Amino acid sequence: MTAGALAQRGAHGFLGLTMHAVRCRPTPQTHLLWILAAFLTAFAISSLASAAPRLQTDISRSTVEANEAFTVTLTIQDADNPRQPTLKLPPGFDQRGPAISTRSQISVRGGRITQSQGISATWTLVAKRPGTYVLGPASVQVGDRRYSGEVLRVRVVAAGSAPRGRSNFDPFGVLRGFPGFGDEDEPLEDLIPPPPDEFRMDSYPDSVAFLRAEVKPARAVVGEPIVYRVFAYGSRGPFNEHRATEASRPDFLAYPVTESSFGGELHRVQIADRTFHAIKLREVILVPLRSGDLVIGPMSAGFGGPAYGARQAGGGLQRESESITVRVTEPPADNRPTGYTLGDVGTFSLSARVEPRTLKQGESVSVIVRLEGQGNLPSALKPPQRMGVEWLEPNVKEQIDPRGGSLGGWRRFSYTARITTTGEVELGAFTLPFWNPTRRRYETIEATLGSVRVDPNPDLVDEPSVGEPKIEVAPRAQLSPMQRHGAPLTDQAPFWLALFGAPLSLLLVRLGGRAGARLRAGMKRRSQAAGTLAAEALAKAAAATKAGAPRDAASEYERALLHATEGATGIRARGVLRAELQSTLEGAGVEETLASELVQLLELFDAVRFTGEALPEDTSRRVRQLVSQLEKLGRRSGGAA
Amino acid sequence: MRRALFALLCALGLLLNGAGGALAQGSPSPAGDPVGDTDRPSGPADPGEPGEPSPAGRPGSQAAFQRAASALEAGAFDRALDELEALADRGFVHPDASFNRGVAYLRRAESAQARPGDYGRAAAAMQEALRLQPGDAEAARTLAQIESQIARRRSREGRDPVIASPKMARAVVSLVDEDTWAWLALVSSLGVSVGLGLWLWGRAPRQRFTGGVTTAVAGVLLLTLSGLTLQARRYRTTSTPAVVVVVEARLLDELGKPLGRGPDHELDALPEGALVWITERGGALSRVEWGALQAFVRSAELQPLAAPEDLSEAP
């Protein structure tokens with residue numbers, strides 16, 4: 001059969017079926033006919049519709065601030081050479097544009113591929129005053145006919161009071177303008193929830209942007225969970241987090257609650273005189289591992305968004321939170337229960353299950369202990385120890401999550417205990433002492449295991465000992481009396497005094513005695529020497545007088561007096577001005593009359609040596625008397641200084 | 001003779017001056033924080049507060065000790081350890097408590113619940129008992145057995161045998177305790193005094209000769225013994241004995257980096273149970289002296305020993 005014959009046969013069949021449908025009840029052929037008719041009708045309508053151009057008018061924002069730019073766009077498709085787009089505006093609007101771009105669209109219609117041309121005309125508008133305005137309609141000339149779009153409404157509010165928001169699903173704002181992603185007709189104020197109390201502040205440290213970190217509570221005990229939060233505030237409108245550096249916290253175990261601000265709620269917070277957009281960047285449950293002043297380092301994060309300079313090289317504003325010091329102490333030592341492990345803090349409950357309750361010697365029971373509660377759940381429990389019960393290391397399963405600003409969950413410890421003795425064996429109880437931070441006291445919980453019945457096992461063979469030989473040593477039952485040791489001898493000053501003081505004091509006594517004796521002997525020698533010299537001078541003076549040599553006699557008398565004076569007072573009178581001699585002698589303890597007589601005689605001898613006149617007759621007596629008085633004086637005063 | 005006397009006088013004066021200085025401010029360690037008496041492991045409690053009763057005087061210490069002893073007898077060594085460690089945390093220091101703590105760790109080390117370092121902790125407790133009561137023969141014997149056990153285990157695990165070469169000065173000073181050195185120095189001081197008396201005030205030549213000889217001999221002894229006394233005091237005030245309580249304490253430098261074996265260090269780790277001297281503490285690391293070896297190890301790997309001065313009177 002050729003193709004032409006097939007076509008002819010088909011056409012005949014089609015006509016035959018049509019006639020049959022008119023006259024008879026519906027058959028499959030009738031259905032096919034109706035479908036074909038509907039298709040042809042739709043094709044005709046579609047062809048008619050495509051003859052009219054399609055217009056669409058859009059506005060970038062339905063609520064704008066005064067003096068804020070926004071756009072109106074008129075799009076026309078399926079139009080042949082559209083031209084002269086215009087937009088009617090009420091007074092009080094500045095207009096720029098339109099900016100015209102051509103649009104080309106390829107579509108498949110009715111099994112045909114069609115291409116339509118169109119344009120988009122965009123006007124940039126700025127409203128001067130607040131109010132609600134009607135814009136448009138925008139219109140365009142196609143051929144000899146002018147087509148108009150829809151009328152638009154825009155609300156203009158005062159500068160700084162327009163709502164700004166960010167879609168929860170569009171943190172970067174790249175979908176802005178699309179339905180459901182902000183900046184469209186819905187009132188954005190309603191999208192921004194009122195700020196929770198944790199966002200509120202009394203003052204702002206930076207008028208543009210800042211990070212705030214807080215920890216609650218600021219004082220804790222080792223093992224007590226605390227909450228660490230970081231918030232970001234920006235006053236230039238919405239922003240997003242980028243280039244964040246986490247805070248260092250080496251002394252804490254961390255359980256993150258909020259690991260990123262993406263998807264977080266943005267809030268508007270009034271702080272003093274400014275409105276900030278704020279978002280929670282992080283929330284972490286921290287468990288301090290030790291006591292002391294533990295430091296949580298600063299977190300830094302960038303503020304992404306055009307208003308924060310994010311388009312510049314290097315990104316937007318970068319801010320850093322403050323470091324926080326947490327004072328962590330140990331729970332009190334007083335009343336600390338035996339077996340308490342540092343870090344066991346919270347409120348817990350304990351339950352246990354033992355299976356089976358009857359077994360043979362050498363077999364094992366399964367003990368499952370479940371620990372649950374809020375806080376820092378202990379990671380290990382201490383099994384009760386009994387003779388004949390050997391505990392193996394447990395398998396641990398857990399589910400611990402941050403709950404309501406703390407930690408919570410459960411741990412299940414699956415033990416195997418091998419019983420090596422027989423009879424009714426009491427397994428004891430698991431006990432867990434912990435510190436309850438709410439009640440601020442120690443508590444102890446217990447899970448009693450009960451007893452198991454262990455039957456003798458004749459097949460059990462004692463295992464040979466393969467370990468080290470046991471060291472036999474018995475514990476001591478009583479404390480022996482002990483006396484507290486005093487401080488070591490070398491910490492006591494009397495020890496060092498005794499060690500070196502005794503020999504030193506002996507030496508000092510001996511050396512001091514010798515030095516004193518030597519001093520006294522020297523003084524005595526010096527005194528005796530002066531007396532001898534004075535006596536010799538007196539003898540020579542007497543001889544000179546007898547020989548008729550008054551100058552020589554005067555000189556010798558003078559020498560006798562000077563020796564006697566030096567011996568008695570230590571003063572070398574020859575070196576003292578004659579005018580000052582009397583006062584000097586009196587200052588050394590010589591009586592005034594004695595000093596005066598001495599000075600008179602010395603002046604007499606000076607005169608005789610100069611003139612050569614004879615000495616008075618009583619000169620010898622006066623000099624001897626004076627020398628004698630000076631020697632007495634010297635003996636009284638213990639000699640010269 | 002007079003010159004010799006003068007020299008002796010000057011030397012004694014210098015010694016006295018040095019001792020006074022040391023007494024006033026203690027002998028500083030060459031670097032870092034010295035480990036002094038204030039660093040004694042007397043526990044975190046407040047037993048040392050003035051005006052408070054001693055820990056032993058507090059009700060409960062004796063009872064806690066007896067509870068621990070009963071638990072040990074019953075084989076509940078973990079409960080005994082809880083009691084004894086809590087006692088130590090409260091500042092209770094007694095050789096019998098240390099001894100029983102050693103026994104409890106030893107029991108656990110020999111059980112299926114043994115934990116790494118149990119033998120080291122047992123050795124530390126026995127060392128402490130001996131330090132608090134030097135004549136305790138039972139503690140000395142048990143300590144020797146524990147050390148043998150540790151050596152056997154090391155040998156079985158294929159670890160190198162470790163031999164510590166003691167530092168000469170510390171070995172000499174450690175021959176007797178500090179107070180014994182002090183008493184010997186006092187006796188020599190008495191000898192010097194008697195000799196000087198005879199020498200300086202003796203009438204007969206024989207007396208003066210005897211005095212001179214006595215002074216010379218006793219003077220040399222006095223100088224030597226005073227030096228040893230001062231050194232013993234310096235060791236006490238600048239270092240604290242401690243025992244390694246892990247299987248091996250890795251030797252580190254001051255930055256915490258592991259030290260490899262080299263000409264200066266034949267070892268790269270201290271063995272469990274080794275008695276070392278902490279000479280400096282800096283946070284997580286402690287500088288220790290072990291024989292002639294000096295290095296840092298992690299502080300948590302050491303158990304410092306209580307001193308006899310911390311001893312609590314038995315109730």
Side-chain angles (χ1 to χ4, degrees), chain A residues 291 330 333-334 336-341 382-393 418 428 467-493 495-511 513-514, chain B residues 5 9 12 15-16 19-20 23 44-46 54 62 65-66 69 72-79 82-83 86 89-90 94-97 99-100 103 106 110 112-113 138 142 145-146 149 152-153 178-179 182-183 185-186 189-190 192-193 196-197 200 226 229 233 236 308-309 311-314:
Chain A
S291 59
E330 290 188 3
D334 289 342
R336 183 178 287 182
T338 301
Y340 172 75
T341 303
K382 291 179 181 171
Q385 269 138 16
R386 291 285 187 277
M387 287 292 189
V389 182
E390 294 175 359
W391 293 87
L392 304 183
E393 283 298 308
R418 183 169 178 264
E468 297 92 353
K470 300 270 174 93
I471 298 172
E472 296 298 330
V473 56
R476 292 173 182 172
Q478 293 289 335
L479 288 171
S480 54
M482 294 292 294
Q483 290 298 319
R484 188 194 285 265
H485 288 224
L489 271 179
T490 56
D491 283 354
Q492 301 170 29
F495 164 76
W496 297 102
L497 282 176
L499 189 63
F500 296 112
L504 271 180
S505 58
L506 285 174
L507 277 174
L508 287 175
V509 166
R510 182 61 179 167
L511 290 175
R514 281 191 175 181
Chain B
L5 194 63
L9 191 65
L12 288 175
L15 263 178
L16 189 60
L23 194 65
D46 46 357
S54 70
Q62 174 85 26
F65 176 83
Q66 284 177 338
L72 261 179
E73 289 288 354
F77 40 80
D78 259 1
R79 191 147 51 83
D82 287 341
E83 295 280 5
D89 287 347
R90 290 203 293 268
H94 194 283
D96 293 338
F99 183 88
N100 277 9
V103 173
L106 187 57
E110 292 170 337
Q113 284 82 47
E138 190 181 16
T142 310
Q145 287 176 313
I146 293 169
Q149 202 78 293
R152 265 197 296 274
R153 177 171 284 190
E178 183 185 334
D179 273 358
W183 279 112
L186 272 178
S189 169
L190 183 66
V192 170
S193 301
L196 276 175
L200 296 175
S226 302
T229 306
R233 183 176 188 279
R236 173 173 58 82
E309 301 92 271
L311 196 64
S312 308
E313 290 174 22

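Owing to the predicted nature of the structure, the values given are computational and were not obtained by experimental measurement. Throughout, a chain's letter reflects where its sequence line sits, starting with A, and its residues are numbered from 1.
- For the atom pair A/F495 CZ and B/D179 CG, the distance stands at 8.5 Å (nearest 0.5 Å).
- Interface residue B/A74: only backbone heavy atoms are found under 4.5 Å from chain A.
- Of the two parts of A/A498, the backbone and the side chain both hold a non-hydrogen atom closer than 4.5 Å to a non-hydrogen atom of chain B.
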Could you walk me through whether A/D491 and B/R233 pass the side chain to side chain contact (heavy atoms under 4.5 Å, CB included) test, one step at a time? CA-CA 8 Å; A/D491 283 354; B/R233 183 176 188 279; 3.1 Å; yes
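- To the nearest 0.5 Å, atom CD of residue B/Q145 and atom NZ of residue A/K470 are 14.0 Å apart.
- For A/R476 against B/A69, the heavy-atom pair with the smallest separation is O-CB, 3.6 Å.
- For B/Q66, the CD atom is densely surrounded, since the number of other residues' heavy atoms within 6.0 Å is greater than 12.
- Here the straight-line distance linking atom CH2 of A/W496 with atom OG of B/S226 works out to 6.5 Å at 0.5 Å rounding.
- The contact between B/I146 and chain A is made by backbone and side chain atoms together, counting heavy-atom distances below 4.5 Å.
- No side-chain heavy atom of B/R79 sits under 4.5 Å from any side-chain heavy atom of A/P384.
- Of the inter-residue distances, the one linking A/L479 atom CG with B/Q62 atom CD reads 4.5 Å to the nearest 0.5 angstrom.
- Both the backbone and the side chain of B/L186 come within contact range of chain A, with heavy atoms under 4.5 Å apart.
- Summarising the geometry, atom OG1 belonging to B/T229 is positioned 7.0 Å from atom CG belonging to A/L499; distances are rounded to the nearest 0.5 Å.
- Taking chain B as the reference chain and counting heavy-atom pairs below 4.5 Å, the highest number among A/Q478, A/K382, A/E390 is found for A/Q478.
- Annotation for A/L506 and B/G197: closest pair CD1-N, 4.3 Å, computed over non-hydrogen atoms.
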Trace of the side chain to side chain contact (heavy atoms under 4.5 Å, CB included) decision for A/R510 with B/L196: CA-CA 10 Å; A/R510 182 61 179 167; B/L196 276 175; over 6 Å; no
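- Both the backbone and the side chain of B/D78 come within less than 4.5 Å of a heavy atom of chain A.
- Judged by distance alone, with hydrogens and angles left aside, the side-chain atoms of B/N100 form no donor-acceptor pair with the main-chain N or O of A/P475 at under 3.5 Å.
- The minimum heavy-atom distance between A/P488 and B/E178, with the atom names listed, is CB-OE2, 4.0 Å.
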